[in-house]
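Working notes for the structure below.
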Amino acid sequence: MIAVTHRRPRWRSLILLALLLAPLLWPLQQLAERYYSAQLAEQNRQTLDLYVANLLGTLRRFEVLPTILGDLPALRSLLAEPGDPERIDAANRLLARVRQETGADVMYLMSPSGRSLASSNWDQIDSFVGRDFAFRPYFRGAMTGKLTGFFGLGTTSGKRGYYYAAPIGGPGQVLGILVVKVDLDDAETLWGNTPEQVVVTDGNGVVILTSRADWRFRASRPLSAEERQRIAADQPYPTIDPAPLGLDEKAWLMQSRDLKETGWNVSILAPRALVDRPVRTALAVGGAGLLALLLLLGLLLQRRRHYLERIALDAQARRELEIRVQERTRDLETLNSRLKEEVLEREQAQQELIRAQDELVQAGKLSALGTMSASISHELNQPLAAIRSYAENGEVLLDHERIDDARGNLRLIGELTGRMSSIIAHLRAFARRDHHAPERVALQPALDDALALLAKRRRAMEVELVRDLPEATLWVQAGETRLRQVLSNLLANALDALSEKAPPRRIWLSASQGEDGVVLTLRDNGPGFSAEALARAREPFFTTKTSAQGLGLGLAICDTLMRALGGELLLDNHPEGGALLTLRLRSAEPGAALLSPEDTFA
């Protein structure tokens, strides 16, 4: 009885304490609900950002395609002659190839009347070729001269997609419309099967993309009469009277984001059950914690007599922990010092690497200067030696009073200085860049300049030069420096090709004046172009040489320069072997060559 009398007050106190602490579960519920709601909102915001970024990335990847593809010659050629079967076939195959490379759903070219002239699905059952899409809003928008986007259901395929339509033609004149359809099914599939639901609504408030199929093409809000008329006219959905979505707003937590580019609204809806479950769990944990606290208090009351011993043990444990912390701190300080030394050594190594790179760049510059100096000294050495010899002879002749002979030596010295000036002018002309409009240029002197710069290499390779040029000067519309650059590159490429061939080595040069302009042909008896080289020779960085021999920019630069000059560069193989290059240049009126704008800064 004495023992029972001592226990009752203890457990009564615990029960009274439990009754006092129970009301604390209500603020715990409020705090947990706020916390998990904010956590879910932040998670949904990040998820929404990812969905929006993915959707915009999918759309923007195709937004520029119609404008870029509208400049393709095959499409413009078809618009010029819509009834030509060969041009229709070429345009169909081009659009199919581009669609396969870009991943678009379908591409098609429309005439100003709205009829589809060519399509990437020309060889399929649901081909768009010959169909009339003039009723589509994207066609009407593109006919105003603007890039137009439109979401809708395909009238032929029945598939959803976003359409980009761009006009083809000059200002104020639309020759045709190029349309690229983007398949949005993949973007919808990536959303996966999660409790959160993603909903994309268009400007009419109709669901066009969603992670739940039964919500698709339902109205998220009541539609106005104007919106219903627009839906009936544009036919973007499988129905002209979308059923209401009918969501219970109390059952969902919703976050939205507007897409200004398309006029869409992207929303993510999370069921409130995602918040209620962790809140209930928090309450259960709180209740369990309260119960555990009460049990702990009871245990503490029962073990009160061991309290002092535990305090002593805890104090000893703290002292041991402080000792271990001090030892660990010293170890960390030692490790930190070692890391600082390693960082300092790495910074020094980095500085040494930068200095080595700078020295390497300087060495490359000095090497280039050395190569240029060697070329100039080689070209000027012989004239300088001859000048010295003639000067010394002239001095002897003057001593013997042979005035006429001394005058002849002086005349030869003048000719040699002119030759040196010509060599320096050649090098200077090739060192400058030409940014001027085409002008009247004499073809033969420009060709002679290019041959002069490569004469040493040609003689060293024992290359025979066969010239078939008219005596009369051929005048072309070009730039002095640009024309020399093209001729030098083509001649250098011919010498590179002949370096792989055993003697005899030959280069044939011929030029003629035609009705369409001046034609210059360059032929060698080297290995010629391979099939791949003929197809890709104008591509930048395509080369059959090693990386040490070239970057593959020569023919690409020549082709660009020729087109800038209004000419044309043709590549082919000669029937008797070797490469055959043809330059077509516009003719210029004959006359004296004026001072080139590029020489005014000489």
Side-chain angles (χ1 to χ4, degrees), residues 33-65 103-105 137-138 141 146-153 159-164 180-224 226-227 230-231 234 236-237 242-275 278:
E33 187 171 352
R34 290 183 182 179
Y35 171 77
Y36 287 111
S37 297
Q39 190 179 42
L40 181 61
E42 176 63 20
Q43 178 181 350
N44 288 345
R45 185 190 64 77
Q46 296 177 3
T47 304
L48 182 61
D49 290 341
L50 291 176
Y51 291 160
V52 170
N54 176 63
L55 185 59
L56 288 178
T58 301
L59 294 177
R60 289 171 178 169
R61 185 158 57 95
F62 298 94
E63 185 177 3
V64 298
L65 271 181
D105 186 33
Y138 59 77
K146 299 183 296 184
L147 176 67
T148 305
F150 172 73
F151 172 85
L153 204 67
K159 292 178 58 178
R160 293 172 300 164
Y162 195 80
Y163 299 80
Y164 282 113
V180 176
K181 180 182 179 182
V182 184
D183 188 1
L184 299 178
D185 289 345
D186 292 339
E188 188 180 73
T189 306
L190 292 176
W191 295 344
N193 186 13
T194 60
E196 297 85 359
Q197 306 298 326
V198 180
V199 175
V200 179
T201 58
D202 61 4
N204 299 322
V206 178
V207 178
I208 56 176
L209 297 173
T210 177
S211 52
R212 287 185 56 168
D214 56 333
W215 290 1
R216 194 173 297 145
F217 301 120
R218 289 178 175 268
S220 61
R221 55 176 174 78
L223 301 177
S224 64
E226 181 182 356
E227 290 173 338
R230 185 166 57 247
I231 292 173
D234 297 343
Y237 321 121
L245 185 59
L247 289 180
D248 183 6
E249 296 183 358
K250 296 181 179 180
W252 300 90
L253 297 175
M254 184 173 66
Q255 288 180 286
S256 301
R257 183 75 52 79
D258 291 330
L259 301 183
K260 297 180 180 179
E261 294 87 345
T262 59
W264 295 351
N265 179 275
V266 183
S267 303
I268 183 169
L269 288 77
R272 291 190 177 271
L274 296 178
V275 175

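These values consider heavy atoms only, across backbone and side chains, with no hydrogens, waters or symmetry-generated copies. It should be emphasised that the depicted structure is a prediction, and the values quoted were computed from it without experimental measurement.
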[X]: what forms a side chain to side chain donor-acceptor pair (under 3.5 Å) with it, not counting sequence neighbours?
X	value
Asp258	Asn265
Tyr138	Tyr108
Gln46	Glu42

(Q) For Val207, is there any backbone N or O sitting under 3.5 Å from a side-chain donor or acceptor partner on Thr201? (A) no

Heavy-atom pair of closest approach, residues [X] and [Y]:
X	Y	result
Asp183	Arg160	OD1-O, 4.0 Å
Lys181	Gly161	CE-CA, 3.8 Å
Glu63	Leu147	O-CD2, 3.7 Å
Thr148	Gly141	OG1-C, 3.1 Å

(Q) Using side-chain heavy atoms (C-beta onward) and a distance below 4.5 Å, is Tyr164 in contact with Leu59? (A) yes

Q. Do the side chains of Phe62 and Tyr162 get nearer than 4.5 Å, heavy atoms only?
A. no

Q: With sequence neighbours excluded, tell me which residues meet salt bridge (Lys or Arg N to Asp or Glu O under 4.0 Å) with Arg257.
A: Asp49

Q. Which residues pass the salt bridge (Lys or Arg N to Asp or Glu O under 4.0 Å) test with Asp202, sequence neighbours left out?
A. none

Q | Any residue meeting side-chain contact (heavy atoms from CB on, under 4.5 Å) with Leu56, in chain and number order, not counting sequence neighbours | A | Val52, Arg60, Leu259, Glu261

